[in-house]
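We name chains A, B, ... by the order of the sequence lines, and we start the count at 1 in each one.
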Amino acid sequence: MNGYVVQVENLKVYYPTSSGPVKAVDGVSFNLGAREKLGLVGESGCGKSTLALSLLRLIKPPGRIEGGRILLNGVDLTQLSWDKMRRVRLNQISLIPQGAMNSLNPVMRVRNQIMDGMRAHNQSMSRQELEARVYETLELVGLERNVATMYPHELSGGMKQRVCVAIAISLRPQVVVADEPTSALDVVVQRQVMETIGQLQEELGAAVILIGHDMGLMAQFVERLAVMYAGRLVEAGGIREVFRQPLHPYTQLLISSVPLLDEKGVFRGIPGLTPSLLHVPSGCIFHPRCPQAQDTCTEEVPPLVEVGPSRWVACHRHEVER
Amino acid sequence: MAARPARDISLIRRHPQLITGLAILLVLIVIGPVGSLFVDTKEAKVGAALPDLPPSARYPLGTDTYGRNLLPMLFLGTPQTIKIGLLAGAIGLGVGIILGFVAGYTGGIVDNIIRGAADILLTVPGLLLLVVIAVSIKGTVSVNMMAIVVSILAWMWPTRTIRAQVLTLREREFVRMAKLGGMKGAEIIVRELVPNLLPYLASSFVGAVASAILATIGLEALGLGPQNQPTLGMTIYWALYYTAVLRGLWWWWAPPIVIIVLTFMGLFLVSAGLDQIANPRLRRLT
Amino acid sequence: MQRFILRRLGVFVLVVWLASTVNFIVPRLAPVNPIRERLLQAVSQGGAAKSDLEQVVAYYEAKFGLDQPLWKQYLNFLWDMLRLDFGVSIANFPAKAMDIILRALPWTLVFLTVAVLIAFAVGTFLGALIAWPRAPRFLQFLVAPLLTLSAIPYYLLGLVLIFLLAFTWRIFPMGGGYDLGLVPKLDLAFLANAAKHSILPALSIVLSGIGSWALGMRGMMVSTLGEDYIALAEAKGLAGREVFMRYAVRNALLPQTTSLALSMGTVAAGAVIVEVVFGYPGVGTILYQAIRSFDYFVIYGVVMMIIVSIGLVTFALDVLYPVLDPRISYERK
Amino acid sequence: MTALLELRNVTKVYTRGTFVRSGTVALDDVSLSAGGGTPAITALAGESGSGKTTMGLLLLGFLTPTSGQVLYDGQDLRKLSSQEWDTFRRDVQAIFQDPFAVYNPFYKVDHVLEVPIHKFRLAKSHAEARTLMEQALVGVGLRPEETLGRYAHQLSGGQLQRVTVARALLLKPRLIVADEPVSMVDASLRATILESLRKLNREFGISILYITHDLTTAYHIGDSIVVLYQGSMVEIGHVDPVIKNPQHPYTQLLVASIPWPDPDRKWQRTDKTALWREGLAKTAVGCKFADRCPKVMPMCRESTPPFYRIEPRRAVACYLHRDSPMIAAEEVTQLAL
């Protein structure tokens, strides 16, 4: 085992529709080191949520994992039986959901929603042990003990999301997948929840995959960043390298479209429309909107090439430099 | 209103429930008048034939203790029961639309009163209130009067469903955008709300017709229907009255039950199909 | 929480008041007061109990004090209703309407509650299973038969059952509450016989009920399974059984219980006619006989008793609801 | 100089329950003017529950205040004659948050453009109406042949939002209330929409009330800014000083919580209590932010702080600035123009 807790190789997740397959994830590969904070950024419709769900094999039919492997500590999750996979969830890899608002069972107290997860994975724990563990986890996410007996409708948005975080870390998993955990929250509460996840990551030593579209949040939280566009990885690298000199034209435009404080009133967007995953453009998927597109870009699909220590990009312009 | 685009024709083709439901209902509506062409409806009178004859070539559905030929009785009775259902359903829907819109659109106290009345009346066994009313109307009840009596309790479900829809639609931004576009009051209801309500209006109508027919047959089975009309419910009442079941005259009560069951299945399939159009997330039944 | 119960109690009182008002007003609306007309007609026919009927007319005159102002009559009427004194039965004078009804009520309550509970429980569970993706596939073939069953009104299904199970194959008695020779008393033999007689009527309600409850529940489950909390439950690695029972069914049960409360009216109405079809000695048959003989006081009595008991059941369900759904009982802080 | 639209001492309480009225106070005695002389873009910033959307709906006449008045050209909205109401509708338009919700699924997207043209009689013939629509669409960077004749579900969120902006371009009202116009649109498409809004203001002299929870877009597009906290205004002034050097503790917390897209510019250290005690019951008397305020003083809990003018065109409702001159509420609203 080469120090990677998760290795994704050429993962493909398609949604068959009457007019052809929607290629939500079309051959994505990346690695996640133990205790590492990896960001997965992309705009809506780029397949990042599908990727998150596929890591826990939670793709709902008609969606299917078409190909590729997902290795968790060397074990290929795509081959596991339904029940074996169930035992891996929460135990080794857990999910912090996006829709905090109604991810909790409205008719069940917070305590039971944390306990049933733990009980599902080790029946041996006694009731007192479970109860103690619940209070301990609530404290970890900065919630008072009385929250345990409350129902979800009595909690604020931020508190609900922190209960979801508590559930996700209740069995000390090795990997936590956070699928846009704060997209529905206000900026102050967002910071609060993100700082909670950050502290827990250090204390518990779990690897975190943060999935989202907010470049600012990525800059504040993650160590390595991977950029997704229309179902494919276009760039990956250390957070500072990607921000200092983004290699892929899409990443460059993405970073420049996030307004900074010093240039008031200057807006930079990305021309054109996000491509449909049904009729994927030929060659490089970004070529219709890419200001530096050349002929080769429209014909060949640029492979993801390593241009530096764990520094990847999928763009014909960078093949030449190799 | 803008002509419905092609989109809707393909929509219906993709909904088998709606089509089978409509087909069943169409057959039931047509069976009466068409059937009567081939059979002498005068034989549906008392004494037209020997009593209690089992089905035979001459009398395909046999005869009852009154000596009435049951086949023409069925051809005359079916359209009448359906007519009562449609009439009461229409009245129920009409009242339901008015109350549903008023409650949904105005809100406040008016909404609470209407919603409260509808919910309370739904829990009360409406049939019994109808019994009290029907019993008090001396003399023979006509088919139309039957429809009116039954419609007294057919408006609650339509009011509930339409009110719920109006409440959700009213909050939608496109209503505000219409107001910003210069539209006011009634025009907003007609041009913005009603087109989105059509599937719900149709399925409420189907629901009202179903509950009206159920109530009608209930009243008639208790003998409170039109005495001289061969409606499905009355046929069953006479069959009960003359203990046809115990005497094994199955051909007297079985056909009306088959027709009634087909009617309800047709209505159910149509309303399920319409709900499917209204929100495609509901998976198809079969 | 108390405010919620008070409101539901208010609804119950309103229902009872509504029922008694309808009973009071409707006969007076008709061109000729039907009760009065029926009495005079009975008296004029003479017949053996001529003197009894004259007493009934006198009783009726005194009781309703037709000369008194309408509102005074109304108040008397309401007072009688509260005391459940529905007056005297015209058909079998001098028996009090209330006594006749009380004799029949237990029959109805027993067989109806048992049938409805079984239908609701089995139907709801079956509907939930049909909607559950990981349930056995053959369940999908149940949808069509369930649809047919739910399309048949109870009493018509009863007719079919009598013909098949009683007339042709003679497994169950043809009808009635107990064998003719027996005298109703609370011993085992009688109770067993009564139970045997109640099976077909109960079965007609159960079979038809299962159909409609299953389809209702299936619809609720389909929308519940799309919720985020189901996705998180699966992400927690909970066993399928637990996600099904404590997350999906538990939440889909809420609207299902509301529709149970709302359907009480139609269920009771259907049961009345089932009793008529089976000649089962419940309040339904009493009502049927009262209608045929235009025995008004008994009719109003039966109508009031059924409405009041259904009102009680609905009130009980309403009070039970906050127990199922915590969001209702706890006022938001 | 009377503003086109003005909220004067408006309080709005949403009540629930028929018999026992339990209400939540959305707006607490707020005064604000919009659309005055020089057409400006006023940003109205606050978190969810701060009452910013309620203010927008009040200005648009979709809600009536529990107390206080909503004035159009100095006249109370409720007293406008039907004819005056039409000119009010003509002058004040809106852009809403959810691009899809604004389109009635029954009609094509053209409906949203055709209705106002017809109702406000902007074109004499169908052909003229068509050209008006096409010009407006081109004005927001859309190709008419790819947009008109389509249903909303056939277009993307970004395209639909631009059609709504084109609608405003078409009508050229005097004031637009834009409630979170870009929050549901991807960052890459936001630029074109914000650009069109600024064009509406700079080239066509349309004042814009830009309602948002995102201070960065407020900074980039707004001229002046009003910061709201739980139904009350806490800071008001030109957008540059307020964001770069916030004075009210709540505004400071908001600015400190912005995740800057720069790995070397980490979240500023802030006081833990301010960050964590979110969602607590608000104190009845005194400053609403007192429970979370790191610099809270006894006087903050005794009475509600008035506005203090700390710069010619800037005011803060906080006792920390009690030595600056007080400023009356009516005058404060002028600062936002």
Side-chain angles (χ1 to χ4, degrees), chain A residues 41-46 142 155-159 182 184-192 194-196 198 213-223 225 238-244 250 253-274 276 289, chain D residues 45-50 141-142 146 155-159 184-198 202 213-217 219-223 239-240 243-244 250 253-267 270 272 274-280 292:
Chain A
V41 74
E43 297 192 296
S44 43
C46 75
L155 306 176
S156 72
M159 291 160 86
T182 58
L185 302 176
D186 282 310
V187 62
V188 173
V189 178
Q190 167 175 279
R191 174 173 174 180
Q192 189 194 83
M194 288 317 291
E195 282 191 347
T196 313
H213 60 274
D214 183 337
M215 292 298 268
L217 215 54
M218 294 295 166
Q220 296 295 329
F221 186 81
V222 300
E223 291 150 357
L225 185 66
I239 188 75
R240 275 182 188 67
E241 292 139 340
V242 171
F243 266 85
R244 284 291 161 278
Y250 174 66
L253 289 169
L254 203 56
I255 291 174
S256 63
S257 66
V258 179
L260 288 174
L261 261 198
D262 23 41
E263 320 138 307
K264 175 170 167 42
V266 173
F267 300 118
R268 283 183 300 276
I270 303 178
L273 303 172
T274 42
S276 106
R289 303 172 74 188
Chain D
E47 293 181 305
S48 42
S50 59
L142 284 173
E146 264 177 22
L155 300 176
S156 77
Q159 283 171 300
M184 285 177 77
V185 166
D186 280 315
S188 58
L189 295 171
R190 275 188 194 148
T192 35
I193 293 173
L194 292 175
E195 194 61 53
S196 326
L197 285 181
R198 206 147 52 119
R202 297 289 186 271
H213 66 280
D214 173 3
L215 290 186
T216 38
T217 52
Y219 169 78
H220 273 277
I221 192 167
D223 300 320
V239 79
D240 225 290
I243 302 255
K244 292 244 171 105
Y250 174 63
L253 173 66
L254 275 183
V255 170
S257 304
I258 299 172
W260 298 112
D262 177 355
D264 297 327
R265 188 172 170 201
K266 283 298 178 194
W267 265 320
T270 57
K272 255 222 171 301
L275 189 63
W276 280 79
R277 296 174 63 103
E278 161 265 339
L280 285 172
R292 300 174 67 182

Is it the backbone or the side chain of Leu215(D) that comes under 4.5 Å from a heavy atom of chain A, or both, or neither? neither

Out of His220(D), Glu47(D), Lys244(D), which one racks up the most heavy-atom pairs below 4.5 Å with chain A? His220(D)

Under 4.5 Å from a heavy atom of chain A, the part of Asp214(D) involved: neither

Given a strict heavy-atom distance threshold of 4.5 Å, which part of Ile239(A) is in contact with chain D: side chain, backbone, both, or neither? both

Identify the two heavy atoms, one from Arg265(D) and one from Gln220(A), that lie closest to each other, and give their separation to 0.1 Å. O-NE2, 2.8 Å

Option that, when pairs with chain A are counted at under 4.5 Å, heavy atom only, ranks first among Leu194(D), Thr216(D), Ile243(D): Leu194(D)

For Glu223(A), give me all partners under side chain to side chain contact (heavy atoms under 4.5 Å, CB included), at least two apart in sequence or on another chain. Glu36(A), Lys37(A)

Worked check of side chain to side chain contact (heavy atoms under 4.5 Å, CB included) between Leu254(D) and Val187(A): CA-CA 7 Å; Leu254(D) 275 183; Val187(A) 62; 3.7 Å; yes

Report the residues that fulfil salt bridge (Lys or Arg N to Asp or Glu O under 4.0 Å) with Arg244(A), sequence neighbours left out, ordered by chain and then residue number. Asp262(D), Asp264(D)

What are the two closest non-hydrogen atoms of Gly216(A) and Asp214(A), and how far apart are they? N-OD1, 2.7 Å

Could you tell me which non-hydrogen atom of Phe243(A) sits nearest to which non-hydrogen atom of Met215(A), and how far apart they are? CZ-O, 3.7 Å

Can you tell me which of His213(D), Arg190(D), Glu195(D) forms the most heavy-atom pairs within a distance under 4.5 Å of chain A? Glu195(D)

Engaged part of Met194(A) at the chain D interface, taking heavy atoms whose separation is under 4.5 Å: side chain

Where on Leu217(A) is there a heavy atom nearer than 4.5 Å to chain D: the side chain, the backbone, both, or neither? both

So does Gln159(D) get a backbone contact from the side chain of Ser156(D), meaning a donor-acceptor N/O pair under 3.5 Å? yes

Arg240(A) portion near chain D, given a 4.5 angstrom heavy-atom threshold: both

Could you have a look at Gly222(D), Pro261(D), Ala191(D) and say which one has the most heavy-atom pairs with chain A under 4.5 angstrom? Pro261(D)

Heavy-atom contact with chain A under 4.5 Å, split by part of Ser48(D): both

Taking every heavy atom of Gly269(A) against every heavy atom of Ser257(A), the minimum-distance pair comes out as CA-CB, 4.2 Å

